[in-house]
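Notes to accompany the following structure.
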Amino acid sequence: MLSRIAIRSKSAVARLPTQRLVTQQFRQPIIVTKPFVRFQHTTKPALAKLAPLDTFPRRHLGSESNEVKSMLNQLGVKSIDEMLAKTIPSAIRSPKPLSIPEGVPERQLLARLKDIASKNKINRSYIGQGYTDTIVPNVILRNILENPAWYTQYTPYQPEIAQGRLESLLNYQTMITDLTGMPIANASLLDEGTAAAEAMLMAWQAGRRKKNLFVVDENCHPQTIACLKTRAESFNIEVVVADTFHYNFAENKKNLCGVLLQYPDTRGSVKDYEELTASVHAAGGQVAVATDLMALTLLKSPGEFGADMALGNSQRFGVPMGFGGPHAAFFACKDEHKRRMPGRLIGVSKDADGNHAYRLALQTREQHIRREKATSNICTAQALLANMSAMYAVYHGPEGVKAIAQRINNLTAVLAEGVRKAGYTIENDGNFFDTLAIKVGNSSHILNKASAAGINLRAIDNGTVGVTLDEAVTQQELGKLIDVFQKEGAPAVTVEELSSVLDAKSVTFPGQLKRTSSYLQHPVFNSYHSETEMLRYIHHLESKDLSLVHSMIALGSCTMKLNATSEMIPVTWPEFSNIHPFAPIEQTEGYVTMLDELADDLKEITGFEGVSLQPNSGAQGEYAGLRVIRAYHHARGDTQRNVCLIPISAHGTNPASAAMSGMDVVIVQCDNDGNLDMEDLKAKAKKHKDKLAAVMITYPSTFGMFEAGVSEACKVVHENGGLVYLDGANLNAQIGLTKPAEIGADVCHMNLHKTFCIPHGGGGPGMGPIACTKELEPYLPGHPVIACGGQNAIGPVSAAPYGSASILPISWAYIKMMGGEGLTQSTKLAILNANYMASRLGEHYEILYTNENGMCGHEFIVDIRPFVDNGIEAIDVAKRLQDYGFHSPTMSWPVTNTLMIEPTESESKAELDRFCDAMIAIRGEIQQVIDGKLPKGDNMLNSAPHSIKTLMADKWDRPYSREVAAFPMPYLREKKFWPSVSRVDDAYGDRNLMCTCPSPEEYMEENN
């Protein structure tokens, strides 16, 4: 089961007839019409005046019917169905339409979702365990989380048009290094549990993969311990959970790779780990510390007591709990580990004019270099949430965050005094920051009393409850909390009475652990403390970044489509954003209803019987799916099945995920047309038939092709004892036309941040749920705190039971508003748009890998290799596109020196044409180089992009004019997005790695 109540094969609502569905579900009579879709008007004229006007598909789909006709004419076909017949093999077409109700208008959809959300009960949460309430500054809430200029950006692989977000992420890294006392930090990971797993694997690597013992302190968060055990299993790492203060590390030094400590620990205790850290180092192990940023404003940092790595969740720095996510996990380490560190790293480099410029350092990360030899498959981050946390630190500054932490600590001391007066014992008395473990004799009595008062406490065990305070606690709330612990008949104790005994100079933890070192001293954390200044700083950074608010982002395999406002609105509703992930089931009925309905829709879309919503990225979905396959084989006694066949064209995360799942990767070749080499597949499946576990297939293929032999490939693998994993990166080309289950797959993941409209957020968040057959369903991921998954569930792959649950309303809303027909029409238009653009650009560039009818799928590849001898490479075209106001398509993947273009269904024909016109104009510029009219290596492509600073320089000695550089097409005079720096020097940045904010002196030196 996915959720804490059984997932039905179809929800009760979905089984109702359509007419009854709409009238009952939305509690008002409306005329039922088919969704108004721009390229297929289906509303009957007699009903048109009565039909709802805010039908959603016409807003989501970019082109009008006359524009669709024009695109079809370009392709030489009379209808979309004729185009599809030339594109998709008939053998894999779905025999019937999607059984998803008709699309619901936006206003009614939001009304129903509000009704669902109201079933969630928002108790005041003091559960803690890594998640606390926080006060999100409204200037950050409105101008970042709710701002499409921040949430629709792509990953900053093109740094010249991403300087604002890169600066903010550098602020985040600086904040993390300051608070943890470590020299280097990345720009966030997925969550605390999986960050701890990454630390374990780094320690294992540091021991040259020869030491397989990893000791975890028994007082780490339970979800973290469970994530560690899940990850360790595939690498044969032995995880020992122990009291680390009484563990004999010296005795196990031959096999010890590392230790994980929690600081403060899950029961609230603040312990001095300095001697323990020294003993681990003496035994040859690494020390990783899971910690709390707020606590570190008052406590000695992990770096100061010798830790090798520090990690945790930055949620309480201004990000809502959101039923578990998304939240930015932080990760910092010693300098010696920087090239082992997973995830994205923001660095400082220089541009072509010698100015400071930010970029992704070590941009090709481990999984893309090492593939099957990788120990991490991290391909995303939580960039949007990291930016929120960074801005929280910028807004409050060092004095502000310290004051917040001190207030939390003071309130906890007041609570402790009240608990003592009530006659209870505090397990960690005199040894806490914000959490008390209180011995109450009978936990259920206190928990029930708290629940009746609208309060959630943590049940640590039968006789102990946990209470974690946060910055949002008011005096009135503290009084109610103290009342929970007052015994019947005892005199009332007020907060005022308790506060009078508080010594402002006293500390609630060992004195040697009090922080004396400074942090957040850079000017950026000391300059924007008024809302006016903060607003201007946020907008200043926003103005440096190109996003979907400016132009289409035609990235192949990344599906940058409309993130509709009506889909985004519920994300910040308190009924979704203010729920603790471990809240009691009776308080989360609304969430469970929404999750069940989303799961049911995903089952129908994929054709599968089981769904897990836990994986919180596409790569996590890959990992989860392969672990489920592995568990299935093992349950059948086929423990020897550990070979995974992977096409050579696969994403770098595919072989990395297979390796992380304990599988041996065998590469399958592709033919000259980009298709899976069936003969090579058959030979390798037969060769490894006794050990074959799985094959990983991306469909349509990585080359944008609907391969005719895909079902045969699935059959070959099944005949040899393996199962089929379908990479769902290109699912946007399948919905309503074919299904992974019908193709022959056994499990697939779905990138909700691609196909199902969760925004990319500047490089995260993402969600990667998996769907699977009935046979695999029992093995879907479980969780140690909240029951979910199948009866034979693998361990958790994410820290929260439903991953980044608070963004799932986006995909729920998208599916409900589009309806089955609207979703199918989206797929058709996405394929039409791609083929139209390929046809136009094919007159000027070579298009790689079309089928026998000259058609592509939903994306296509433009070949730049013919121009390499003339000094023009894919990177030059990518950078020149910035001068035209566009983000580059996917560059040099899956073929070096190519551009892979995916337009999506959301873009209008006018925008498609504007992009095509830019590409055609660039082709003309290339021809000038070929013809010798412009010098090789010194032209507008090789020198692109052109910043204002470059164009305004006194000296201009280039063989083309400033006007050609800046305004190569007329529309740019009215609508111009300016790259804020010229071309960034990647090599310099990697040679001179700097991953924290440069000092003011360095900026002064640059400007002198």
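No donor-acceptor distance shorter than 3.5 angstrom exists from the side chain of Gln108 to the backbone of Val104, with no hydrogens or angles considered. Under the 3.5 Å distance criterion, the side-chain polar atoms of Ser612 are left unmatched by any main-chain donor or acceptor of Ala771. Between the side chain of Thr827 and the backbone N or O of Leu823, at least one donor-acceptor pair lies under 3.5 Å. Remark: the backbone N or O of Leu190 is paired with a side-chain donor or acceptor of Gln382 at under 3.5 angstrom. Here the side chain of His718 pairs a donor or acceptor atom with the backbone of Cys714 at under 3.5 angstrom. Gln614 places a side-chain N or O within 3.5 Å of a backbone atom of Val797 that can act as its donor or acceptor partner. With hydrogens and angles disregarded, no donor-acceptor distance shorter than 3.5 Å links the side chain of Ser839 to the backbone of Asn835. Remark: side-chain polar atoms of His760 are not paired, donor with acceptor, to backbone N or O of Gly766 under 3.5 angstrom. Although no hydrogens or angles enter the test, the distance criterion places a donor-acceptor pair under 3.5 Å between the side chain of Asn120 and the main chain of Tyr591. At distances below 3.5 Å, at least one donor-acceptor pair connects side-chain atoms of Ser711 with backbone N or O atoms of Ile743.
The CG atom of Leu780 sits 5.0 Å away from atom CD1 of Ile770, with the distance rounded to the nearest 0.5 Å. One finds the CG atom of Leu110 at 12.5 Å from the CG atom of Asp115 (value rounded to the nearest 0.5 Å). One finds the CE atom of Met855 at 8.0 Å from the CG atom of Leu832 (value rounded to the nearest 0.5 Å). Taken from NZ in Lys816 to CD1 in Ile100, the straight-line distance is 7.5 Å, to the nearest 0.5 Å. The distance from the OG1 atom of Thr653 to the CE atom of Met696 is 7.0 Å, given to the nearest 0.5 Å. The CG atom of Leu548 sits 10.0 Å away from the OH atom of Tyr151 when rounded to the nearest 0.5 Å.
Residues Asp600 and Lys603 are paired through a salt bridge, judged by an N-O separation under 4.0 Å between the basic side chain and the carboxylate. Between Glu64 and Lys909 there is no salt bridge, since no side-chain N of the basic residue sits under 4.0 Å from a carboxylate O of the acidic one.
The minimum heavy-atom distance between Gln620 and Ser798, with the atom names listed, is NE2-OG, 3.8 Å. In plain terms, the two heavy atoms of Ser804 and Asn616 that are nearest each other are OG-CB, 3.8 Å. Annotation for Pro903 and Ala834: closest pair CG-N, 3.5 Å, computed over non-hydrogen atoms. Closest approach of Glu707 to Tyr699, counting heavy atoms only: O-OH, 2.9 Å. Closest approach of Val549 to Thr152, counting heavy atoms only: N-OG1, 4.0 Å. Taking both residues in full, the closest heavy atoms of Ser701 and Asn730 are given as O-ND2, 3.4 Å, listed atom of the first, atom of the second, then distance.
Applying the 6.0 Å contact sphere to CZ of Arg107 captures no more than 12 heavy atoms from other residues, nucleotides or ligands. For NZ of Lys69, the number of neighbouring non-hydrogen atoms (other residues, nucleotides, ligands) closer than 6.0 Å is 12 at most.
Every residue two or more places apart in sequence or in another chain that forms a side chain to side chain donor-acceptor pair (under 3.5 Å) with Tyr632 is listed here: Arg636. Listed by chain and number, the residues in a side-chain contact (heavy atoms from CB on, under 4.5 Å) with Asn792 are Pro778, Tyr779 (sequence neighbours excluded).
Of the candidates Lys114, Lys119, Lys121, Lys114 is the only one forming a salt bridge (Lys or Arg N to Asp or Glu O under 4.0 Å) with Glu575.
Contact annotation: the side chain of Pro615 never approaches that of Tyr623 to less than 4.5 Å [non-hydrogen atoms, C-beta and beyond]. Glu907 is not listed as a side-chain neighbour of Phe915, based on a closest heavy-atom distance of 4.5 Å or more. Using a 4.5 Å heavy-atom cutoff, the side chains of Ile605 and Phe756 are in contact. Side-chain contact between Pro809 and Leu113 is present, with at least one heavy-atom pair separated by less than 4.5 Å. Pro765 places none of its side-chain heavy atoms less than 4.5 Å from the side chain of Met767. Under the 4.5 Å side-chain criterion, counting only non-hydrogen atoms from C-beta, Trp812 is not in contact with Thr593. Taking 4.5 Å as the limit, some side-chain heavy atom of Lys86 sits within range of a side-chain heavy atom of Val77. At least one side-chain heavy atom of Gln734 sits under 4.5 Å from a side-chain heavy atom of Leu726.
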**Report entry** Worked verdict on Leu84 versus Arg93 for side chain to side chain contact (heavy atoms under 4.5 Å, CB included)
**Finding:** CA-CA 10 Å; Leu84 292 176; Arg93 288 292 298 271; 3.8 Å; yes
Report task. Decide side chain to side chain contact (heavy atoms under 4.5 Å, CB included) for Leu912 and Met552; before the verdict, give the C-alpha distance in whole Å, the side-chain angles of both, and the deciding distance to 0.1 Å. Result -> CA-CA 8 Å; Leu912 304 183; Met552 72 183 293; 3.9 Å; yes
Report task. Could you go through the side chain to side chain contact (heavy atoms under 4.5 Å, CB included) check for Ile629 and Asp746 one step at a time? Result -> CA-CA 9 Å; Ile629 288 174; Asp746 298 286; 5.6 Å; no
Requested in this report: Determine, stepwise, if the pair Glu622 / Asn654 fulfils side chain to side chain contact (heavy atoms under 4.5 Å, CB included).
Outcome: CA-CA 7 Å; Glu622 292 175 17; Asn654 281 186; 3.1 Å; yes
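Ser94 and Glu742 are linked by a side-chain donor-acceptor pair at a separation below 3.5 angstrom, with hydrogens and angles left out of the test. Residues His749 and Tyr725 have side chains that bring a donor and an acceptor to within less than 3.5 angstrom of each other. Side-chain contact, Glu902 with Ser557: no donor N or O sits under 3.5 Å from an acceptor N or O.
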Donor-acceptor contacts, no H, no angles, side chain residues 561-568, under 3.5 Å, sequence neighbours left out:
residue	atom	partner	partner atom	Å
Lys561	NZ	Asn732	OD1	2.7
Lys561	NZ	Thr755	O	2.9
Lys561	NZ	Tyr814	OH	3.4
Lys561	NZ	Glu905	OE2	2.8
Asn563	ND2	Lys561	O	3.4
Asn563	ND2	Cys757	O	3.0
Ser566	OG	Glu106	OE1	2.9
Glu567	OE1	Ala564	N	3.2

